[in-house]
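See below for the structure under consideration.
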Amino acid sequence: MDNLLYIGQWQGFFKYGPEYGSIVEGKEAEFRLFIEAYKDGKFSGRIIDWDGFGADGEVSAVEGVVKEDNIIFTKKYDRNFIVDEWGNSGIEEKVSGHKVVYEGRFDKKANHFLGEWKIVSDLSHSRILTHEEVLTGTWQMYRHD
């Protein structure tokens with residue numbers, strides 16, 4: 001199973017989960033993953049988000065691991081994108097970029113990776129309690145031949 005992933009281009013799509021509200025939930029956005037280094041199950045590269053809120057051609061760094069038919073990778077944005085309750089997007093100034101964690105597996109029948117993604121953000125933090133916001137969704141990714 002070690003040869004599921006390869007250096008090169010992958011085409012993917014992600015969908016927004018229920019935390020985004022009824023206007024945004026289920027909307028699909030396209031991305032391209034460019035794997036630039038891959039050795040011993042570990043990989044790195046970059047992702048270009050062609051669609052999505054605030055991310056029109058946004059490039060993000062990626063690091064991940066493939067073990068057997070499981071995959072996990074983290075996408076790190078330089079900027080922090082926000083979406084309001086009406087589905088409008090923007091950039092949150094003076095806030096560093098957020099991370100998106102993708103977890104999934106390889107579906108042999110469909111010949112692609114699929115799984116779920118999540119963003120965990122600290123909204124407030126005190127000595128006693130940290131209030132987090134968790135945003136989720138699904139994704140899939142194919143070899144781009």
Side-chain angles (χ1 to χ4, degrees), residues 4-38 41-145:
L4 292 178
L5 204 63
Y6 67 92
I7 293 176
Q9 186 177 161
W10 292 74
Q11 181 176 11
F13 299 91
F14 62 87
K15 289 185 180 180
Y16 294 95
E19 301 84 6
Y20 285 90
S22 61
I23 294 173
V24 177
E25 180 181 6
K27 289 196 183 233
E28 187 174 81
E30 180 183 1
F31 67 86
R32 294 285 170 101
L33 170 61
F34 297 88
I35 297 177
E36 297 165 342
Y38 179 48
K42 296 180 182 179
F43 65 93
S44 61
R46 57 193 163 88
I47 283 184
I48 299 175
D49 289 338
W50 294 117
D51 299 314
F53 293 101
D56 183 18
E58 186 74 19
V59 179
S60 306
V62 172
E63 290 186 349
V65 175
V66 173
K67 185 173 183 180
E68 297 177 5
D69 62 350
N70 296 307
I71 188 169
I72 183 169
F73 61 94
T74 302
K75 173 170 62 173
K76 173 74 170 93
Y77 287 102
D78 289 334
R79 302 183 292 171
N80 195 48
F81 300 101
I82 56 172
V83 181
D84 67 19
E85 61 269 21
W86 299 283
N88 299 312
S89 65
I91 297 170
E92 197 169 15
E93 299 297 331
K94 299 180 183 176
V95 175
S96 62
H98 62 278
K99 293 180 184 179
V100 184
V101 178
Y102 288 75
E103 293 188 46
R105 63 176 178 76
F106 190 76
D107 182 328
K108 294 176 199 166
K109 282 186 176 181
N111 198 31
H112 67 265
F113 286 98
L114 68 145
E116 297 179 346
W117 59 265
K118 90 175 150 180
I119 301 168
V120 178
S121 302
D122 285 348
L123 296 180
S124 62
H125 187 76
S126 70
R127 290 187 295 153
I128 301 170
L129 182 67
T130 298
H131 179 68
E132 294 180 331
E133 176 181 47
V134 179
L135 302 171
T136 64
T138 59
W139 66 278
Q140 55 187 325
M141 180 173 76
Y142 309 85
R143 294 178 186 197
H144 189 269
D145 296 324

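Remark: Leu114 CG to Glu103 CD distance equals 12.5 Å, nearest 0.5 Å. Separating the CZ atom in Arg32 from the CD atom in Gln11 is a distance of 4.5 Å, to the nearest 0.5 Å. Distance check: Lys42 NZ to Lys67 NZ gives 11.5 Å after rounding to the nearest 0.5 Å. Interatomic distance, Gln140 CD to Lys15 NZ, rounded to the nearest 0.5 Å: 7.0 Å. Expressed to the nearest 0.5 Å, how far CD1 of Ile47 lies from CG of Leu33 amounts to 5.0 Å. Separation of atoms CD (Gln9) and CZ (Phe34) is listed at 4.0 Å; rounding is to 0.5 Å.
Between the side chain of Trp50 and the backbone N or O of Glu30 there is no donor-acceptor pair closer than 3.5 Å. Checked by atom type and distance alone, the side chain of Trp139 never pairs as donor or acceptor with a backbone atom of Gly104 at under 3.5 Å.
Under the 4.5 Å side-chain criterion, counting only non-hydrogen atoms from C-beta, Phe43 is not in contact with Ile7. Contact of the Tyr102 side chain with the Met141 side chain is not registered, since no non-hydrogen atoms from C-beta on lie closer than 4.5 Å. Residues Phe106 and Asn111 form a side-chain contact, since some pair of their non-hydrogen atoms from C-beta on lies under 4.5 Å apart. Asp107 has its side chain out of reach of Phe113: every pair of non-hydrogen atoms, C-beta onward, lies at least 4.5 Å apart. Under the 4.5 Å side-chain criterion, counting only non-hydrogen atoms from C-beta, Ile71 is not in contact with Val65.
Atom CD of Glu63 has 12 or fewer heavy atoms from other residues, nucleotides or ligands within 6.0 Å.
For the pair Lys75 and Phe14, the cation-pi test (distance below 6.0 Å, angle within 45°) is passed.
A search for side-chain hydrogen bond (donor to acceptor under 3.5 Å, both in side chains) contacts involving Arg46 returns Glu36, not counting sequence neighbours. Under the rule for a side-chain hydrogen bond (donor to acceptor under 3.5 Å, both in side chains), the partners of Glu19 that lie at least two apart in sequence or sit in another chain are Thr136.
Residues Glu68 and Val66 come closest through the heavy atom pair O-CG1, 3.8 Å.
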Q.
Let's go through Tyr16 and Glu25 carefully: what are the C-alpha distance in whole Å and the side-chain angles of both, what is the deciding distance for side-chain contact (heavy atoms from CB on, under 4.5 Å) to 0.1 Å, and is it a yes or a no?
A. CA-CA 5 Å; Tyr16 294 95; Glu25 180 181 6; 5.8 Å; no
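Annotation: Phe31 is not in aromatic contact with Trp10 [ring centroid separation under 6.0 Å not met].
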